[in-house]
Amino acid sequence: MQTALRTSVPETELASRANSAPHARVAREERPLHVSGLSLNIRGLRKSFGDNEVLRGIDLHIPAGQFVAIVGKSGCGKSTLLRLIAGLEKIDAGSISFGDEVQAEDIRVMFQEPRLLPWARVLSNVEVGLGRDRASDDAQLRAEKALTEVGLVNKRDQWPSVLSGGQKQRVALARALVSRPRVLAFDEPLGALDALTRISMQRLLERVWRDQGFTAILVTHDVSEAVTLADRVLVIEDGRIAQDVTVNVPRPRERRSVDLADLEGSILRALLSGDERI
Amino acid sequence: MSLIDSVSLPRNFRLPRVDGLVQWIVPLGIIAIWQVASITGFVPARVLPAPSDVALAGWKLLLSGELVRNIWVSFWRASIGFLIGGSIGFAFGLANGLSQLSAKLTDTTLQMVRNVPHLALIPLVILWFGIDESAKLFLVALGVFFPIYLNTLHGIRTVDPQLIEMGRIYGMRDGELFRRVIFPGALPSIFVGIRFALGIMWLTLIVAETIAASSGLGYMAMQAREFMLIDVVVLSILIYALLGKIADSASRVLERATLSWHPAFQKR
Ligand SMILES: Nc1ncnc2c1ncn2[C@@H]1O[C@H](COP(=O)(O)OP(=O)(O)OP(=O)(O)O)[C@@H](O)[C@H]1O
Ligand SMILES: [Mg+2]
């Protein structure tokens with residue numbers, strides 16, 4: 001099996017992935033409907049902006065299909081790590097490799113802002129997510145299916161401006177899902193939502209993750225969200241992974257259960273302990 | 001500028017359904033008062049002829065074919081000048097908005113030229129072109145160029161970078177990115193430019209035709225002044241106003257059709 005290695009050497013990863021050979025397409029279509037996630041291997045990853053050393057050596061292995069949450073103080077480099085994984089920033093040193101050959105459509109990112117095109121109807125916004133398959137005959141069908149998955153197929157012909165914040169984020173999720181990605185990275189996707197919408201979105205995320213089996217990487221400020229959703233919580237501090245906590249609570253999980261609360265408490269204490277030292 | 005008005009109107013502010021008629025109440029009222037004032041001799045006909053006299057003058061000119069010919073000439077000059085200046089401005093706006101190199105090369109020069117009022121060039125233009133058609137077209141094109149250039153450039157530069165990044169993430173190449181993200185994002189601003197340009201187009205044409213022309217509405221007005229035909233002068237002015245209004249409405253219709261996604265243009 002060929003391994004796509006992402007190191008500091010190649011120029012823009014996005015471009016090289018987009019140019020991958022046509023034979024890769026065939027392999028893609030033969031894949032079973034139930035998509036399997038990709039495993040992820042990060043070695044000695046470093047990234048700085050000017051003098052600001054943001055990531056100072058991240059070593060991390062994520063098995064295929066795992067749900068990982070990343071928490072840490074504001075500005076600790078969570079988004080940077082996610083953007084590196086998604087190929088949106090250049091790596092300074094180290095490498096990120098996936099367990100299989102990857103194409104642009106295999107890795108998707110969802111941001112805190114829905115980033116929908118205001119001038120495209122909901123359905124066309126979802127079609128954007130198909131990447132190079134946008135022009136194919138079944139594009140509309142696939143987009144409709146993705147919209148059904150997030151429960152918004154009845155809004156297919158609306159403009160994004162008439163949707164609520166939570167609905168917009170669901171459309172963004174459908175757009176990310178429509179290409180059946182094998183890694184889905186979330187950068188605080190629920191950060192701007194109210195508490196109730198947040199909970200229903202968390203359920204939705206968990207459901208699609210279970211149904212589709214992609215590898216999920218969720219950056220969040222909310223430790224309780226992290227322990228509710230993830231198999232594993234990573235705490236980033238000083239540019240490194242300071243803690244790697246496995247959440248051994250069977251699903252479906254009960255929010256606010258004692259086990260989760262304990263875990264949440266200990267992670268929060270770890271996060272705050274740095275402050276007391278200062 | 002009315003685009004700005006309509007964009008910045010609060011969402012729930014709308015005139016009732018009759019607004020198609022409401023807007024004509026004031027102009028019609030003014031004409032009625034004017035007519036009464038003329039008939040009663042409150043306003044002497046030397047100063048301002050009665051609306052009925054203006055209409056009569058219009059009717060006579062219409063029968064002689066002079067009116068239609070002059071309107072057509074002016075309309076033709078306005079549209080061709082607008083098309084030439086608008087396309088060049090749009091092209092430069094696109095080039096400088098999309099390419100750093102092109103912007104570095106030309107933007108400073110264009111900004112410098114912009115500070116010269118284009119009507120100040122009239123003497124020079126007459127020396128170059130005489131009172132030929134090309135003189136008018138040149139002036140209109142020059143006047144129209146800058147609002148379209150500046151607003152296209154501004155529109156492209158201010159497209160949400162997050163949307164552009166999104167487009168790239170989802171594998172859009174340059175052409176598709178332009179078609180799906182950059183151009184639609186710049187369109188509201190481009191329309192602001194078009195509306196400004198339409199205003200400048202009429203203004204330039206009036207001045208140019210008044211000073212240097214042998215046909216057109218401005219020329220018709222100047223001729224009439226020489227023969228003291230004040231009703232024709234007033235008629236020309238009214239026709240200018242009407243043409244301006246028509247151009248504005250046309251751009252509004254286009255705007256509504258292409259910006260229907262914009263919250264400011266959505267029906268409630
Ligand atoms: N493009 C950039 N240019 C310069 N500095 C940057 C850039 N992107 C991020 N940084 C810096 O890198 C550091 C980490 O930023 P990052 O966005 O990854 O933090 P974060 O952990 O996601 O924070 P938050 O929780 O507030 O979103 C910050 O100090 C930020 O100022
Ligand atoms: Mg962040």
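Naming: A, B, ... by sequence-line order, numbering from 1 per chain.
- Residues Q111(B) and R114(B) bring a donor and an acceptor atom of their side chains to less than 3.5 Å of each other.
- Taking 4.0 Å as the cut-off between side-chain N and carboxylate O, E149(A) and R180(A) count as a salt-bridged pair.
- Comparing M166(B), Q162(B), E165(B) by heavy-atom pairs within less than 4.5 Å of chain A, the highest count is held by Q162(B).
- A ring-centre distance under 6.0 Å is not found for Y149(B) and F90(B).
- Listed by chain and residue number, nothing satisfies the side chain to side chain contact (heavy atoms under 4.5 Å, CB included) test with L83(B) (two or more places apart in sequence, or in another chain).
- For chain B, the nearby parts of A176(A) are the backbone and the side chain; heavy atoms of each come within less than 4.5 Å.
- With chain A as the partner, the residue from D160(B), L163(B), T258(B) showing the most heavy-atom pairs under 4.5 Å is L163(B).
- Neither the backbone nor the side chain of L130(A) comes within less than 4.5 Å of any heavy atom in chain B.
- With a 4.5 Å cut-off on non-hydrogen atoms, S260(B) touches chain A through its backbone and its side chain both.
- Taking a 6.0 Å sphere around NE2 of H221(A), one finds it holds more than 12 heavy atoms contributed by other residues, nucleotides or ligands.
- R134(A) touches chain B through its side chain: at least one heavy atom from C-beta onward sits under 4.5 Å away, while N, CA, C and O do not.
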